[in-house]
Structure formats: structure tokens, C-alpha cells
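The structure appears right after this line, and notes come after that.
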Amino acid sequence: MSPSQFTDKLAGQRVLLVGGTGGVGVSVAQALLEFGATIVLSSSHESKVKDVRAALLQDYPEAKDRISGYPCDLASPDVESNIEQLFNQAGNVDHIVYMAGDRLPMVPLEEVTLENWQKYNQVRTIAAILVIKVGVRHMKKDRHSSIVLTGGSISEKPIAGGWSMLALMGAGLNGLGRQLAYDLAPIRVNIVAPGVIETDLWQRMGEDGKRAFFAEHEGKIPTGKVGQPVDLAEAYLYCLKDTNATGVVVHSNSGTFLV
Ligand SMILES: NC(=O)c1ccc[n+]([C@@H]2O[C@H](COP(=O)([O-])OP(=O)(O)OC[C@H]3O[C@@H](n4cnc5c(N)ncnc54)[C@H](OP(=O)(O)O)[C@@H]3O)[C@@H](O)[C@H]2O)c1
């Protein structure tokens with residue numbers, strides 16, 4: 001037995017972080033670097049990829065050869081060729097962590113249209129399955145390889161305020177993850193389902209709107225605190241490290257299912 005059999009589990013593993021420049025992505029990137037993994041960041045804005053890479057290099061100078069990044073716009077009509085190009089640049093990987101998400105589609109039922117439903121699905125669901133389709137060609141067929149999708153607690157716990165599109169996407173991602181765990185075995189596929197996590201995703205509510213929403217939420221949830229990206233990162237680490245876990249949904253949600 002090695003005295004670092006747990007802490008070394010991710011050392012030397014190559015992990016592609018799709019949507020790796022957002023609040024959740026940066027925490028997952030930091031955790032992976034601390035555990036000795038090599039990361040490839042990707043998101044649509046080249047400047048964001050550059051800035052996040054630079055910030056990580058500053059915080060983890062010893063990891064300078066373990067951080068790369070490439071832009072890839074998943075909202076584009078050229079999404080499939082963009083993904084092919086991303087994998088040509090990224091090369092082979094041990095894990096793909098999919099965290100890309102654009103504007104929150106909080107759309108009341110009466111405003112749902114074919115057009116906005118298709119548009120809002122592209123980054124969270126359509127591109128997710130395309131990334132996996134291309135990505136498996138760049139992965140070893142092994143239980144040490146894995147894919148992690150990002151859904152949400154809304155798939156199982158309804159809340160007020162125009163969440164039907166996200167509920168359907170989240171439930172769909174849970175189903176997709178389980179099905180692909182079956183289809184792609186022995187590559188493992190798991191899903192992380194976050195509750196409310198404090199990231200820029202909520203910035204579009206405006207600072208006052210976000211604070212009011214968080215305060216109201218914190219008045220109800222058992223932990224009394226909106227989740228932090230450093231908390232949620234643990235759920236992704238678990239999915240990557242437990243070679244016995246596949247087809248599971250890992251929840252990190254402040255205990256929201258209890259209330
Ligand atoms: N925060 C929460 O409370 C919460 C709760 C449940 C689920 N989630 C899910 O968790 C994931 C990460 O959320 P987050 O809070 O970290 O959000 P975030 O801070 O807004 O980050 C979103 C990430 O997605 C990337 N992205 C957006 N549009 C893209 C596109 N067209 N192509 C490629 N990448 C794109 C962003 O980078 P660019 O702008 O450079 O593209 C960024 O890296 C999302 O799927 C979100 O729906 C979050």
C-alpha cells in the first residue's frame with residue numbers, strides 16, 4: 001500500500017474541463033491541480049480561457065506544465081466542427097468534465113416557444129452529447145476513464161419561477177448519463193446535480209436580485225448557506241476518483257431536498 005494511495009489518485013491524469021472558466025469550473029480546476037492532474041480548460045471566450053489560465057498559473061506556479069486551454073464555442077451552428085477542433089488541440093484525455101452553461105433559461109411556460117427551447121438547449125444538452133460523441137474517440141476504454149455531466153437539483157425538486165425548461169434539461173441529463181454509462185462501459189459516466197451555488201451564473205439577476213434570492217433560499221435550506229464552488233468541486237472529484245461509480249447522480253445542494 002502506498003501512503004499516498006488516496007491523494008495520488010488523480011496525479012498525472014489529463015482532464016478536459018468544458019465550461020472550465022466559470023465559477024464551478026475554476027474550483028474544479030484548482031482542485032485538480034492540487035491533486036496533481038493536468039487540465040485542459042475550454043469555454044467560448046478566448047480571453048476568458050487566457051485569463052483563467054493566467055490566474056491559475058499565478059496561484060499554482062508549480063503546475064505550469066499542467067495547464068492549457070482552448071476556446072470552443074458550443075452555441076455556434078458550427079458546434080460539431082468546433083468540438084472536433086477542440087479535441088484535435090486537447091489530444092487524448094482521461095476524463096471529460098462538462099460544466100458549460102449559458103444564460104439561465106428561466107422562462108414561464110406561456111413564453112416557451114420552439115425557437116427558445118431549441119436555443120436554450122444547445123449548450124447544456126445538445127452540445128453535451130456531441131462532446132461525448134467526439135470525446136470517446138480520445139479516451140481509453142477503461143474504468144479509469146470517465147465523463148461527468150452537470151445537471152441540477154431542479155430535475156428532482158421543483159421551485160417557483162419559470163424553471164420548467166431547466167427541470168426538463170436536468171432530468172434529461174440524468175437519463176443521458178445513466179444511458180451512456182451503460183453504452184460506453186467500461187468508461188464511467190456520472191452526473192453532478194448542484195443546488196444553488198454562488199457563481200456568476202446568478203449575476204444576470206443583478207446584485208440586489210441575487211442577494212434577495214440567496215437570502216430567501218438561505219432562510220429555507222438546512223445548511224443555511226448557499227453552496228460555494230469549493231464545496232461542489234468535491235462532487236466532481238468523487239466522480240473522477242471512484243472507479244467503482246458509474247451511472248450515478250451526485251447531489252450537492254445544501255439539503256434542499258429536505259425542505
Ligand atoms: N451555479 C449554480 O447555482 C448552478 C446550479 C445548478 C447547475 N449549474 C450548472 O453548472 C454549470 C456551471 O455553472 P457555473 O455556476 O459555473 O456558471 P458560470 O460561472 O456562468 O460558468 C459557465 C461556463 O460555461 C461556459 N459557456 C457559456 N456559454 C458557452 C458556450 N457557448 N460555449 C462554451 N462554453 C460556454 C462559460 O464560459 P464562456 O462565457 O467563456 O463561454 C463558463 O466557463 C452550468 O451548466 C450550470 O447550469 C449551476
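Given the structure is predicted, the values throughout are model-derived calculations rather than measurements. When a residue number appears, it is its place in the shown sequence, counting from 1. Just follow the structure's listing: the first ligand is 1, and inside any ligand the first atom is 1.
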- Taking only residues two or more places apart in sequence, or in another chain, which ones meet Phe257 in a ring pair (Phe, Tyr, Trp, His ring centres under 6.0 Å)? His251
- Query: Is the NZ or CZ atom of Lys241 positioned over Phe35's six-membered ring, under 6.0 angstrom from the centre and within 45° of the axis?
  - Reply: yes
Distance dump, ligand 1 polar atoms to protein, N/O, under 3.5 Å:
residue: ligand 1; atom: 1 (N); partner: Ile197; partner atom: O; Å: 3.2
residue: ligand 1; atom: 1 (N); partner: Thr199; partner atom: OG1; Å: 3.3
residue: ligand 1; atom: 3 (O); partner: Ile197; partner atom: N; Å: 2.7
residue: ligand 1; atom: 3 (O); partner: Ile197; partner atom: O; Å: 3.2
residue: ligand 1; atom: 3 (O); partner: Trp202; partner atom: NE1; Å: 2.9
residue: ligand 1; atom: 15 (O); partner: Thr199; partner atom: OG1; Å: 2.5
residue: ligand 1; atom: 16 (O); partner: Gly23; partner atom: N; Å: 3.2
residue: ligand 1; atom: 16 (O); partner: Val24; partner atom: N; Å: 2.9
residue: ligand 1; atom: 19 (O); partner: Gly23; partner atom: N; Å: 2.9
residue: ligand 1; atom: 24 (O); partner: Gly101; partner atom: N; Å: 3.2
residue: ligand 1; atom: 24 (O); partner: Gly101; partner atom: O; Å: 3.4
residue: ligand 1; atom: 31 (N); partner: Asp73; partner atom: OD1; Å: 3.0
residue: ligand 1; atom: 31 (N); partner: Ala75; partner atom: N; Å: 3.4
residue: ligand 1; atom: 32 (N); partner: Leu74; partner atom: N; Å: 2.9
residue: ligand 1; atom: 37 (O); partner: Thr21; partner atom: OG1; Å: 3.2
residue: ligand 1; atom: 37 (O); partner: Ser43; partner atom: OG; Å: 3.4
residue: ligand 1; atom: 39 (O); partner: His45; partner atom: ND1; Å: 3.1
residue: ligand 1; atom: 39 (O); partner: Lys48; partner atom: NZ; Å: 2.7
residue: ligand 1; atom: 40 (O); partner: Ser43; partner atom: OG; Å: 2.7
residue: ligand 1; atom: 40 (O); partner: Ser44; partner atom: N; Å: 3.4
residue: ligand 1; atom: 40 (O); partner: His45; partner atom: N; Å: 3.0
residue: ligand 1; atom: 40 (O); partner: His45; partner atom: ND1; Å: 3.1
residue: ligand 1; atom: 41 (O); partner: Ser44; partner atom: N; Å: 2.9
residue: ligand 1; atom: 41 (O); partner: Ser44; partner atom: OG; Å: 2.5
residue: ligand 1; atom: 43 (O); partner: Gly19; partner atom: O; Å: 3.3
residue: ligand 1; atom: 43 (O); partner: Thr21; partner atom: N; Å: 3.3
residue: ligand 1; atom: 43 (O); partner: Thr21; partner atom: OG1; Å: 2.7
residue: ligand 1; atom: 43 (O); partner: Gly22; partner atom: N; Å: 3.0
residue: ligand 1; atom: 45 (O); partner: Ala100; partner atom: O; Å: 3.3
residue: ligand 1; atom: 47 (O); partner: Arg124; partner atom: NE; Å: 3.0
residue: ligand 1; atom: 47 (O); partner: Arg124; partner atom: NH2; Å: 3.2

- Task: For Tyr120 and Arg103, test the side chains for any donor-to-acceptor distance below 3.5 angstrom and give the result as yes or no.
- Result: yes
- Task: Determine, for Glu115 against Lys119, whether the closest basic-nitrogen to carboxylate-oxygen distance falls under 4.0 angstrom.
- Result: no
- Flag side-chain contact, heavy atom, 4.5 Å: Asp242 against Asn190: no
- State, with a plain yes or no, whether a side-chain heavy atom of Thr38 is found less than 4.5 Å away from one of Val15. no
